[in-house]
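The block underneath contains the structure these notes are about, expressed in structure tokens.
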Number of protein chains: 2
Amino acid sequence: MKEGPDIAQIGALIGDPARANMLTALMGGKALTATELAGAGGVTLQTASAHLAKLEAGQLLVQRKQGRHRYFALADDGVGKLLESIMGFAAGRGHLRHRPGPKEPALRKARICYDHLAGDYGVRMLDSLVARGAIDAVGDGLALTPTGESQLQSIGIDVRDLKSSRRPLCRSCLDWSERRAHLAGSLGKALLSSFFEKGWAHRTAGSRSVVFSPEGERQFLALFPAAS
Amino acid sequence: MKEGPDIAQIGALIGDPARANMLTALMGGKALTATELAGAGGVTLQTASAHLAKLEAGQLLVQRKQGRHRYFALADDGVGKLLESIMGFAAGRGHLRHRPGPKEPALRKARICYDHLAGDYGVRMLDSLVARGAIDAVGDGLALTPTGESQLQSIGIDVRDLKSSRRPLCRSCLDWSERRAHLAGSLGKALLSSFFEKGWAHRTAGSRSVVFSPEGERQFLALFPAAS
DNA sequence: TTCATACTTCGATCGTAACCGAAGCATTGT
DNA sequence: ACAATGCTTCGGTTACGATCGAAGTATGAA
């Protein structure tokens, strides 16, 4: 026994409901204060503080103090990726916790997955990009084509800038609601940011769902037509 | 709160050390009896029985009774994939549990990852296949080329047969020891099986490591030269 | 039938970790 | 300087789950 890395440790970190809820809340991509996270976890501030300390010690979270606030965020892209893969797995076995609530359809339609767009709209966007030859899909790997590069450049995405980062440009991310891939990576992030900047959509307060304005929705659907 | 799938539940399942050890043992790909798993988990038979019941209820394991034995195995490919991704994550943060023991180098050299070859040799094999144009790698996606298909056919891998299955032919799997990708999917499985059949290598008793015979090692290294 | 092996169920113990109230720091605002 | 806000630390309680001994069931062997 005692072979390989210690999966029990991180399993235990994620295994507590309060911590799991906090992590899920942080999948929204925004850094949150300890008080907000206490609310998300359904525990008091003291308890949340203890949980956050553990998560930080386990390197799942990073802390940034700003004035008298303490903002917590997922430590890096890898944590988001891990959580999303567990969510995908859990969803696949019907380990759904939610009795379908009012917010749920909105969440399935469009939500934030750490830093990029997920849900029905996220899947549609990737499908559309592949259909028009902007992105090459081989297996579950994605790569931007030269065609795609110029297409995106013309929408106002500075692809050259993104390329210089060491983070992968395109990555596929399994969507737990759609059970299909959507676009992650720095390009996925940049696209979502551009939707916010253009005013097509905005984040919601306490949720991960993304709400499109009527005009934004029209533009989005026109830009990314359904791949027949 | 209460958004999305219940990640806490499976986190908790993996979060117990005894259960984590059992799951790790089952990553060897072989079905094991309750008694063997009790040994792997370092607990008594009664305790193991309780753990196994939980893992089965959580759909991580399946049970097959055979005479008076009860064999347990990972429920499906998805579980193996999940565990490996958690291992990769844990290894990346130095959550290594093992003080490097005697078996450890062997494990890093070649081991079974659920049903395919991992470790240094697993990575080398994929690199070599990519270098010779047998496999296309785009991002982290893999696809068999026509060239590769005939190459493998000539080594005695029935690729056409594999293609008919709905399981993906090629998948990349992140190696926790090498931190690079190795080949998973039905092709990865078929290749490892062929090594066993040819007598190049064999599994070890209580471990996930794969041991090559001197002659088998020679053949393997010749077939998959290091991609310079 | 009887014994042995493989495993499960029951019952009780024990340890740990989650939890909250209260008090203690730190930072900001007045 | 004093109060208010945001968060952490301390102390004590509680509850859950991991654990094992012992007894119970099932399968196979003698």
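Just so we're clear, the structure is a prediction, and the values are computed from it rather than from any experiment. Values below: every heavy atom of this structure, side chains too, minus hydrogens, waters and symmetry copies. Residue numbering restarts at 1 for every chain, and letters A, B, ... go by the order of the sequence lines.
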message: Among D/dA18, C/dC19, C/dA18, which nucleotide has an atom closest to any side-chain atom of A/Ala18?
response: C/dC19
- prompt: Given C/dA6, D/dT8, C/dC7, which nucleotide is nearest the side-chain atoms of A/Ser49?
  reply: D/dT8
- prompt: For the pair made of CG in A/Asn21 and P in C/dC19, what is the distance, rounded to whole Å?
  reply: 11 Å
field: Shortest side-chain distance from B/Thr35, nucleotide among D/dC20, C/dC7, D/dT27
entry: C/dC7
- request: Check the distance between C/dC7's P and B/His51's NE2 and give it to me in whole angstrom.
  value: 16 Å
- prompt: Over how many whole Å does the gap from B/Gln46 atom CD to D/dC20 atom C1' extend?
  reply: 5 Å
- request: Quick one: pull up CD in B/Gln59 and CZ in A/Arg93 and give me the separation to the nearest 0.5 Å.
  value: 6.0 Å
query: Rounded to the nearest Å, what distance is computed from the CG atom of residue B/Leu13 to the C1' atom of nucleotide D/dG17?
result: 13 Å
- prompt: How are the rings of A/Phe195 and A/Phe220 set to each other: parallel, tilted or perpendicular (split at 30° and 60°)?
  reply: perpendicular
- line: Between CD1 of B/Ile14 and P of D/dG17 the distance, given in whole Å, is 17 Å
message: Tell me the interatomic distance from B/Arg19, atom CZ, to D/dT19, atom P, rounded to whole angstroms.
response: 8 Å
message: Any base atoms under 4.0 Å from A/Lys65, or only sugar-phosphate, or nothing? Heavy atoms, all strands.
response: nothing
task: Taking A/Asp175 for its side chain and A/Ala181 for its backbone only, find out whether a donor-acceptor pair lies under 3.5 Å.
output: no
Between P of D/dC7 and CG of A/Leu61, the distance in whole Å: 14 Å
- prompt: Want to settle it: does A/Gly67 or B/Arg70 sit nearer the 5' end of DNA chain C, counting the closest nucleotide to each?
  reply: B/Arg70
Whole-Å distance separating the CD atom of A/Gln66 from the P atom of C/dT28: 10 Å
query: Out of curiosity, B/Leu32 CG to B/Leu61 CG, how far, rounded to the nearest 0.5 Å?
result: 9.5 Å
- request: Would you kindly say whether A/Thr24 and A/Arg208 are connected by a side-chain donor-acceptor distance under 3.5 Å?
  value: no
query: With respect to the phosphate group of D/dA18, does any side-chain polar atom (N or O) of B/Thr47 fall under 4.0 Å of OP1 or OP2?
result: no
task: For A/Asp16 and for B/Leu52, find the nucleotide of DNA chain C with the closest heavy atom, then tell me which residue's nucleotide is more 5'.
output: B/Leu52
message: Please pick, from C/dC7, D/dC7, D/dT5, the nucleotide with the shortest atom-to-atom distance to any side-chain atom of A/Ala34.
response: D/dC7
